[in-house]
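Step one of this worksheet: look at the structure below.
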Amino acid sequence: MLGLGAASVAGGLIARANRGEGAITGWSTEYGSNVLQNRTNPRRYWDESYSGGKIDVKPLAPGLPGREYSPVMVPDGGVLPFKIVNGIKVFHLIAEEVDHAFDPGLKAKCWGFNGRVNSTVIEAVEGERVRIYVTNRLPVGTSIHWHGFFLPNGMDGVGGLTQPYIRPGDTAKYEWTIRQHGSLMYHSHHDEMTQMGMGMIGMFVVHPRNPTSDYRVNRDFVLLLSEWTIAAGTARPNTIKMNDFNVLTINGKVFPSTSPLVCKTRDRVRIRLGNLGAMDHHPLHIHGHHFRITATDGGDIPLAGQWLENTVLVGVGQTRNIEFISDAPGDWAFHCHMTHHVMNQMGHDFPNMVGINPEGLDQKIRPLLPAYMTMGQTGMDMGNMAEAMPTPRNTIAMKGAAGPFDYISMGGMMTVMKVRDNLRTYDEDPGWYQHLEGTVAMKASDAELARDGIEVVTDSKSAIDR
């Protein structure tokens with residue numbers, strides 16, 4: 001009976017949507033059915049518009065942070081400032097070369113926006129008119145594509161097709177009225193392989209007009225994923241490479257330099273994930289929690305269509321919103337589940353030594369190569385050796401950082417969500433989690449093994465053989 005009742009309610013909502021009922025008061029239907037379906041009910045199979053509807057709509061008043069929306073949080077980055085001129089929200093985006101540190105041991109000459117790489121976020125509100133000036137301080141022409149936006153064709157930003165290039169030293173003006181909300185992106189659309197590969201990518205968050213109480217969260221994080229090839233000892237990304245990326249980043253940083261996602265216990269958390277890497281999709285996995293996938297780059301997913309996961313696949317050119325309550329205190333890993341994507345730079349050019357007996361090899365080679373060290377024969381579990389090994393100039397260890405118990409054997413596209421019961425401030429790293437006694441997986445005692453009838457055999461014979 002409960003199932004039939006829910007089905008009847010859902011059917012009634014869909015019927016209302018098909019009749020065009022239930023629109024938000026004060027929001028004009030001229031902004032397009034996409035906006036209306038995001039704000040009320042699921043849209044029809046064949047809707048009136050898949051491109052936002054009419055272009056020449058009357059803009060609404062600019063939305064202000066703290067009033068119409070709560071600003072997002074950009075770990076290791078920041079939000080682009082704006083000013084309001086005659087009712088239009090005005091931004092100034094600067095494309096320029098940036099000396100960027102992926103980690104204290106790895107710096108590179110990259111291209112980015114306003115002094116940042118992969119972490120300059122633009123924030124706006126549905127219905128307002130935006131004017132974005134783009135100044136080109138690069139040595140070549142460029143253009144900026146507003147990825148996923150409904151806008152006039154001449155503002156789409158494809159160099160040569162919808163606009164002339166922004167020549168070095170020139171400033172172009174983009175202007176349109178925003179007719180949607182969601183987690184969107186922007187990036188160069190001229191010589192994309194080079195310019196996006198050098199770092200000319202960013203996230204663009206548009207908040208809904210008059211958001212519902214469900215939209216309000218305590219922590220709203222923006223994480224942009226990317227991948228790079230930087231050969232050991234060099235300081236320029238190699239954008240020609242099509243695979244074997246050896247620097248995998250979140251907001252332009254690799255673990256352990258990725259800032260933690262700090263939350264209070266029972267915070268409502270939203271994480272906006274975008275992927276503007278060259279080739280790889282990324283399955284982002286969180287430990288200790290499940291989440292709902294609540295939005296794609298196409299818009300909000302109605303509650304009935306959301307589903308629970310602990311891993312979300314973010315494809316190249318896609319965004320995904322995930323939402324959950326951080327109700328489990330601790331330090332929880334959040335990382336790409338492609339295992340090579342949680343390694344850093346040095347892991348790609350060495351021979352496979354697993355299973356090889358290298359006895360005496362170091363002594364034979366060191367007269368020719370004094371700094372030679374044979375790599376791991378049982379995998380890359382080298383612990384603190386990673387910090388002590390001699391490496392080429394401007395190169396970082398394959399993975400890891402000192403943790404509260406042992407060396408953390410992950411790097412690359414990984415961060416930590418730190419959930420605390422008694423958190424004084426979101427603006428400081430609370431340090432490592434202090435576990436309650438008896439709640440950590442530790443070496444079993446002889447008494448515990450005997451109590452539970454566990455026989456430990458230290459030879460190499462398997463249980464089946466015995």
Side-chain angles (χ1 to χ4, degrees), residues 254-256 258 260-267 269 283-291 308-311 324-344 346-347 350 352-359 373-389 397-423 429-466:
V254 298
F255 184 80
T258 50
L261 311 181
V262 180
C263 303
K264 295 177 183 177
T265 306
R266 295 207 60 78
D267 270 351
V269 181
L284 270 293
H285 170 63
I286 196 166
H287 292 209
H289 295 75
H290 285 182
F291 51 73
L308 287 175
E309 291 278 11
N310 58 44
T311 303
F324 57 96
I325 294 176
S326 56
D327 53 1
D331 294 334
W332 302 106
F334 183 51
H335 61 94
C336 180
H337 218 287
M338 290 186 173
T339 54
H340 283 204
H341 292 184
V342 285
M343 291 185 67
N344 285 333
M346 288 293 290
F350 293 104
N352 181 9
M353 298 295 289
V354 175
I356 294 176
N357 180 0
E359 184 177 353
M373 177 184 292
T374 302
M375 304 308 290
Q377 295 85 56
T378 57
M380 306 309 295
D381 182 18
M382 297 179 292
N384 288 296
M385 287 177 60
E387 297 294 339
M389 285 177 57
M398 281 174 283
K399 54 185 177 179
F405 297 103
D406 281 308
Y407 203 76
I408 301 172
S409 59
M410 287 192 288
M413 195 173 282
M414 184 262 189
T415 187
V416 178
M417 183 176 73
K418 297 192 172 186
V419 183
R420 298 291 185 271
D421 285 333
N422 301 306
L423 189 68
D429 186 335
W432 298 115
Y433 183 65
Q434 301 300 309
H435 299 82
L436 297 175
E437 185 176 356
T439 65
V440 177
M442 302 294 286
K443 180 180 178 181
S445 67
D446 292 340
E448 289 170 327
L449 295 171
R451 177 195 66 200
D452 294 329
I454 302 298
E455 180 183 1
V456 178
V457 179
T458 57
D459 64 27
S460 61
K461 294 179 65 177
S462 69
I464 296 177
D465 293 334
R466 294 196 300 273

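Position 1 is the first residue of the sequence; numbering continues from there.
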First locate atom [atom1] of [X], then atom [atom2] of [Y], and finally report the distance between them rounded to the nearest 0.5 Å.
| X | Y | atom1 | atom2 | result |
| --- | --- | --- | --- | --- |
| Arg266 | Asp421 | CZ | CG | 11.0 Å |
| His290 | Thr311 | NE2 | OG1 | 8.5 Å |
| Phe291 | Leu308 | CZ | CG | 9.5 Å |
| Phe324 | Ser326 | CZ | OG | 6.5 Å |
| Ile286 | Leu261 | CD1 | CG | 7.5 Å |
| Trp332 | Thr415 | CH2 | OG1 | 15.0 Å |

Exam field: side chain [X] to backbone [Y], donor-acceptor pair closer than 3.5 Å:
| X | Y | value |
| --- | --- | --- |
| Thr265 | Arg420 | yes |
| Asn344 | Phe255 | yes |
| Thr258 | Met414 | yes |
| Asp331 | Tyr433 | yes |
| Gln434 | Trp432 | yes |

*Exceeds 12 heavy-atom contacts within 6.0 angstrom, atom CG of Asp429*: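 Counting other residues, nucleotides and ligands, CG of Asp429 exceeds 12 neighbours.
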
For residues [X] and [Y], report the shortest heavy-atom separation together with the two atoms involved.
| X | Y | answer |
| --- | --- | --- |
| Pro430 | Leu423 | CB-CD1, 4.1 Å |
| Asp267 | Lys264 | OD2-N, 2.8 Å |
| Ala444 | Leu449 | CB-CD2, 4.1 Å |

Is [Y] close to [X] at the side-chain level, that is, under 4.5 Å between some pair of heavy atoms?
| X | Y | answer |
| --- | --- | --- |
| His285 | His287 | yes |
| Met338 | Pro283 | yes |
| Asp327 | His289 | yes |

_Show me the pairs that pass salt bridge (Lys or Arg N to Asp or Glu O under 4.0 Å) and involve residues 442-453, at least two apart or across chains._
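Pairs touching residues 442-453 that pass the test: none.
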
*Verify whether one side chain among His335 and His341 offers a donor that lies under 3.5 Å from an acceptor in the other.*
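His335 vs His341: no donor-acceptor pair found between side chains.
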
